[in-house]
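What you see is a predicted model, and the numbers here were worked out from it, not measured in a lab. Letters A, B, ... mirror the listed sequences (proteins, then strands); counts begin at 1.
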Number of protein chains: 2
Amino acid sequence: MRARRLLAPPGTGEYLTAPMDTRTDTPRDAEERPDPLRIERLCIERGLKMTGQRRLIARVLSEAIDHPDVEELYRRALALDARVSIATVYRTVRLLEEKGILERHDFGGGRARYEATDHGHHYHLIDIDTGKVIEFSDVQHEALAKAIAERLGFTLIGHRLELFGRRPADAEAAPRRGPRRRGGEPA
Amino acid sequence: MRARRLLAPPGTGEYLTAPMDTRTDTPRDAEERPDPLRIERLCIERGLKMTGQRRLIARVLSEAIDHPDVEELYRRALALDARVSIATVYRTVRLLEEKGILERHDFGGGRARYEATDHGHHYHLIDIDTGKVIEFSDVQHEALAKAIAERLGFTLIGHRLELFGRRPADAEAAPRRGPRRRGGEPA
DNA sequence: CTACCTGCAAAAGTTTTGCCACTAC
DNA sequence: GTAGTGGCAAAACTTTTGCAGGTAG
């Protein structure tokens, strides 16, 4: 009786974020977020009580350049300090999400995945063969989304654009068998 | 100990699909899918064995103009014929999703919601105050998505665009307290 | 006839929570 | 000192599945 765990199994070289950009906006690369206290500072700003566990989780989040799920965050935190429980990780990501410090994503696979919101609005392209997530931004789309919402009589509060693509079969390591995904997507 | 059930509670006048359109594409309205055998026909086309339960569920799906979750589908099916179990509904939607007849969505709220794929590609605008989902299509966006994917070196297989908005506070019944959502969104 | 279905209840998997000791401020 | 925290284990929820009996084709 087993079913979940569909995208790249969390644990190792999984869903790495490839540095990318499509247009006029900011590019991202692995070296972009070196400050391990970034998230902690944000927490303090919002008046959160900083305990050892929170500081630890905040640091893990600050150093993440990918989109880890709770289990992965827990694993990374444990590696730094064993005095954390997964319940606390769950409570903390929920709290940080409510505070607007984290963004929750559902890329399929049955588990929520998180990333800090402090590096600008951007979108995701998911490689359906490998599960890798590539970030990009696009001002044109940004404007279009706003325009559409207004045309429908709404004020745009947020939006989500996800592209599911496949690298033309040739370059790069052989595409691993297409994993079954969960969560609304390709059409 | 209770937590899920965050968006509009399934059961009654919930997430109704408002007929809408933004641009050159097809508008939708409640009268658009009158054929109660639509899905069943698709099932047969794909060689599925048609049992009473499947026919029942197919009919419920054919008549749905919204994005019901499994529990809601089960409820509607039960109302027509008690000889169906929720396990079968789960099995059936999964099967139909694999066959490309249904599309699974995660609009937040912790439950997957479904809709038939046979009425064209479109996007969703979720009213964050009521949980209502409005469908729309936009050729401009369609083209942009394809262009972006190619710019990143991918062939676009599918894409998802979701707008989260709020109706300017005035017209319409008072916005019910903003429900906590689950699932990546506003930023 | 046979491969595929269904119901039921149990299990799996993720996320939340009651309770109580504990600690940041 | 006190409101907010963390750990643990149990609970809540959604979704899947083993099994045994049924049924479409």
Side-chain angles (χ1 to χ4, degrees), chain A residues 1-7 9-10 40 43-44 46-58 68-75 77-78 81-99 102 104-114 180-183, chain B residues 1-7 9-10 40 43-44 46-58 68-75 77-78 81-99 102 104-114 180-183:
Chain A
M1 289 205 185
R2 185 119 230 309
R4 299 299 174 63
R5 174 95 7 97
L6 303 160
L7 263 187
E40 179 174 343
C43 289
I44 293 172
R46 324 244 162 156
L48 295 184
K49 205 176 267 192
M50 290 313 291
T51 63
Q53 288 86 340
R54 288 216 181 139
R55 234 184 298 276
L56 175 60
I57 296 168
D69 56 39
V70 169
E71 238 178 72
E72 176 63 16
L73 289 172
Y74 178 50
R75 198 167 348 218
L78 270 189
D81 186 335
R83 283 164 303 170
V84 187
S85 78
I86 194 158
T88 297
V89 180
Y90 269 108
R91 277 193 272 236
T92 304
V93 294
R94 179 188 248 266
L95 180 65
L96 298 203
E97 190 202 354
E98 279 162 9
K99 292 294 182 184
L102 285 188
R104 183 203 306 253
H105 295 294
D106 167 50
F107 292 147
R111 278 134 97 145
R113 288 163 60 173
Y114 296 84
R180 276 152 75 230
R181 294 188 58 267
R182 286 193 59 237
Chain B
M1 288 206 184
R2 186 119 231 309
R4 297 299 173 62
R5 176 96 5 98
L6 302 161
L7 262 187
E40 179 174 344
C43 289
I44 294 171
R46 325 243 162 154
L48 295 183
K49 204 176 266 190
M50 290 313 291
T51 63
Q53 287 87 339
R54 286 209 183 147
R55 235 184 296 277
L56 175 60
I57 295 167
D69 57 38
V70 168
E71 237 179 74
E72 176 64 16
L73 288 172
Y74 177 50
R75 199 169 346 216
L78 270 189
D81 185 334
R83 281 165 304 170
V84 73
S85 77
I86 194 159
T88 297
V89 180
Y90 270 109
R91 278 193 272 238
T92 303
V93 293
R94 178 186 250 267
L95 180 67
L96 298 204
E97 191 201 354
E98 279 162 9
K99 292 293 182 187
L102 286 187
R104 183 203 307 252
H105 294 293
D106 167 51
F107 292 146
R111 278 135 96 144
R113 287 165 59 173
Y114 296 85
R180 278 151 74 230
R181 296 188 56 266
R182 286 193 58 237

Review point. Looking for any heavy atom pair under 4.0 Å, which part of the strands does R91(B) touch: base, sugar-phosphate only, or nothing?
Key: base

Practice item. Would you indicate whether R46(B), at its atom CZ, is surrounded by more than 12 heavy atoms from other residues, nucleotides or ligands within a distance under 6.0 Å? Key: yes

Study note, to complete from the structure: Of the candidates dT16(D), dT15(C), dT15(D), the side chain of R94(B) sits closest to dT16(D)

Revision key, fill the gap. Among dA3(D), dT15(C), dT15(D), the one nearest any side-chain atom of A112(B) is dT15(D)

Taking [atom1] from [X] and [atom2] from [N], how many angstroms apart are they, rounded to a whole number?
| X | N | atom1 | atom2 | value |
| --- | --- | --- | --- | --- |
| L48(B) | dT23(D) | CG | P | 19 Å |
| D69(A) | dT15(C) | CG | C1' | 12 Å |
| Y114(A) | dT14(C) | OH | P | 13 Å |
| M50(A) | dC25(C) | CE | C1' | 13 Å |
| L95(A) | dT16(C) | CG | P | 12 Å |
| Y74(A) | dT14(C) | OH | P | 14 Å |
| E97(B) | dT14(D) | CD | C1' | 15 Å |
| E71(B) | dC13(D) | CD | P | 10 Å |

**Study point:** Gap between atom CZ of R83(A) and atom OG1 of T51(A) - 0.5 Å precision
**Key:** 11.0 Å

Study note, to complete from the structure: Residue pair A87(A)/R55(B) against DNA chain D: nearer the 5' end by closest nucleotide is A87(A)

Counting just side-chain N and O atoms, does [X] come under 4.0 Å of either OP1 or OP2 of [N]?
| X | N | result |
| --- | --- | --- |
| Y90(B) | dT16(D) | no |
| R54(B) | dC5(C) | yes |
| T51(B) | dT6(C) | yes |
| Q53(A) | dG7(D) | yes |
| S85(B) | dC8(C) | no |

Practice item. Spell out, as yes or no, whether a donor-acceptor pair under 3.5 Å connects the side chain of R113(B) to the backbone of F107(B). Key: no

Exercise for review: Look only at the side chain of R55(B) and the backbone of M50(B), and say whether a donor-acceptor pair between them is shorter than 3.5 Å.
Suggested key: yes

Exercise for review: Apply side chain to side chain contact (heavy atoms under 4.5 Å, CB included) to R54(A) and K49(A), showing your working.
Suggested key: CA-CA 8 Å; R54(A) 288 216 181 139; K49(A) 205 176 267 192; 4.3 Å; yes

